[in-house]
Student: 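Take a look at this one; I'll ask things after.
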Amino acid sequence: MASMASAAGVASAANSGGKSQIDALNWWTSGSEAKSMHVLKQMLADEGVEMNNDAVSGGGGANARTVLKSRIQSHRTPGMAQVMPPAIDQWCQTGLIGSLDKVAEAGNWDKKLAPRVAEGVKCDGKYAAVPFNIHRVNWLWVNKSLMREAGVDIPRSWPDFVDALKQLKQAGITPIAGGGNTWQVATEFDAVVATVGDAEFYRKALVELDQRALASDKMVKAFKRLRTLKQYTDPDAAGLSWNHNTGLVVRGEAAMQIMGDWAKGEIINDGKTPGKEIACVTMPGNDNAYIYNNDTFVAFKVDAKAKRRGQAVFANTVMSPKFQRRFNKAKGSIPVREKTSLKGFDQCAKKSAKLYQKAKKADALVPTMSQDQAEIGAVKGAIFDVIAKFYNTDKMSAEAAVEALASRVKQAEQMSSLSAG
Ligand code: BGC
């Protein structure tokens with residue numbers, strides 16, 4: 001049988017007589033993330049490409065983004081690096097981006113990717129990056145037996161959620177594992193914003209940065225709700241990573257976690273079945289929004305031919321149905337390649353795929369603010385700063401947070417347009 005690479009018109013390293021090597025810079029360091037990357041490493045090795053998995057710790061990728069810049073400054077540019085779509089636009093302007101256009105054409109990516117996804121991975125109209133998956137951010141992970149023992153129902157609406165939190169606390173159970181750092185709080189905030197309005201409100205506020213939406217009463221309500229969550233969060237959470245927090249829910253040391261479905265990867269890695277011991281519930285009050293992100297690796301310009309071949313094999317492998325199934329099963333996400341079979345995936349993945357299609361029809365798919373899918377740079381920094389200050393300062397009112405949010409975002413937008421001009 002032809003190798004996967006040559007089947008799509010890409011010369012595999014093995015076929016062309018040499019070994020290729022590729023550095024892949026990313027922020028996947030938790031147990032399940034590392035396992036998922038191992039799937040890629042093995043599949044590339046089968047094609048004669050040796051992948052150096054250059055993983056930098058820090059959920060959400062803030063550290064990895066800094067390391068990427070320093071690697072480039074010190075002339076150690078990785079062949080591929082994890083970069084979220086809005087930042088691909090910025091990198092595109094630097095002239096440092098390579099091309100995957102030939103691979104994409106041979107592999108017919110135009111037909112295999114939703115137009116929205118395809119747009120996000122292009123630089124000057126040409127494919128420059130490869131998407132891995134679709135993650136959903138607004139999930140609540142719930143330890144079922146802990147809830148059962150405490151006689152608390154799994155919440156579906158915001159009022160039910162608050163009731164459940166109260167009951168759990170009274171029963172001496174830590175209601176929420178979370179809040180370990182600003183990125184985790186921002187992830188919770190994403191979901192909270194979608195409890196006070198529909199997808200349209202989320203889009204206006206956190207994607208379009210509409211001043212009226214940012215300064216609205218709904219946003220005041222969102223901050224108040226974030227404070228409610230804090231009151232029911234493990235008070236010793238500072239500094240704990242997202243995957244540690246998932247572990248607390250899995251082991252029954254906390255009842256729930258609001259987190260993207262990369263948490264599902266950890267649940268599986270801990271030997272549990274998502275949907276069985278740990279329920280995957282839409283964040284209560286989020287029925288009208290599917291907050292997504294697509295993990296994406298961009299190709300940088302590299303001199304050596306063997307490295308360019310490595311990039312082509314990398315991209316082609318990632319888009320293959322085999323990889324899409326194996327990787328996403330381990331990672332907790334669902335395939336980004338359209339029409340990939342979900343046979344053998346857990347029930348949470350099937351639920352995610354269904355909800356995705358439903359949201360697509362209802363125009364309720366929204367890119368996540370917290371995972372750099374909507375905002376980047378100074379604007380995202382401003383939003384994170386306000387969230388952090390509010391979360392860490394109990395005496396700051398929700399009204400003051402909203403005022404700060406609207407003005408800091410406006411200022412950051414003005415500064416960004418100055419530096420672009
Ligand atoms: C990424 C996930 C990753 C998570 C935690 C998110 O921004 O999209 O793939 O698992 O961060 O590291």
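Just so it is clear, the values below take in all heavy atoms, side chains as well, and ignore hydrogens, waters and symmetry mates. Numbering of ligands and ligand atoms starts at 1, following listing order.
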Student: Check for me whether Lys354 meets the cation-pi criterion with Tyr356, that is, NZ or CZ under 6.0 Å from the six-membered ring centre and within 45 degrees of the ring axis.
Tutor: no
Student: Within less than 4.0 angstrom of ligand 1, does Gly60 place any heavy atom?
Tutor: yes
Student: Could you check atom 7 (O) of ligand 1 against the protein and tell me its nearest heavy-atom contact, residue, atom and distance included?
Tutor: Gln371 OE1, 2.6 Å
Student: Which atoms from ligand 1 have a heavy atom of Trp183 less than 4.0 Å away?
Tutor: 5 (C), 11 (O)
Student: Can you name the atoms of ligand 1, numbered from 1 with element, that are less than 4.0 Å from a heavy atom of Trp27?
Tutor: 1 (C), 6 (C), 7 (O), 11 (O), 12 (O)
Student: Are the side chain of Asn293 and the backbone of Thr368 linked by a donor-acceptor contact shorter than 3.5 Å?
Tutor: no
Student: Using side chain to side chain contact (heavy atoms under 4.5 Å, CB included), reason through Leu405 and Phe223 one step at a time and then give a plain yes or no.
Tutor: CA-CA 11 Å; Leu405 182 72; Phe223 275 101; 4.1 Å; yes
Student: Would you kindly specify which portion of Tyr292 sits under 4.0 Å from ligand 1, judged on non-hydrogen atoms: side chain, backbone, both or neither?
Tutor: neither
Student: Would you mind running through ligand 1 and noting each atom that sits below 4.0 Å from a heavy atom of Trp242?
Tutor: 5 (C), 12 (O)
Student: Out of Trp91, Phe327, Phe132, which residue meets the ring-ring contact (aromatic ring centres under 6.0 Å, His included) rule with Phe297?
Tutor: Phe132
Student: Can you tell me which residue among Asp372, Asp89, Val298 is in a side chain to side chain contact (heavy atoms under 4.5 Å, CB included) with Val83?
Tutor: Val298
Student: Under 6.0 Å from the six-membered ring centre of Tyr232 and within 45° of its axis: does the NZ or CZ of Lys166 meet both?
Tutor: no
Student: Give a yes/no verdict on a cation-pi contact between Arg337 and Trp109, requiring under 6.0 Å between NZ or CZ and the six-membered ring centre and an angle within 45° of the axis.
Tutor: no
Student: Atom 2 (C) of ligand 1: which protein heavy atom is closest, and how many Å away?
Tutor: Lys331 NZ, 3.5 Å
Student: What protein heavy atom lies closest to atom 5 (C) of ligand 1? Include the residue and the distance to one decimal.
Tutor: Glu33 OE2, 3.2 Å
Student: For atom 1 (C) of ligand 1, what is the nearest protein heavy atom, given as residue, atom name and distance?
Tutor: Asp295 OD1, 3.3 Å
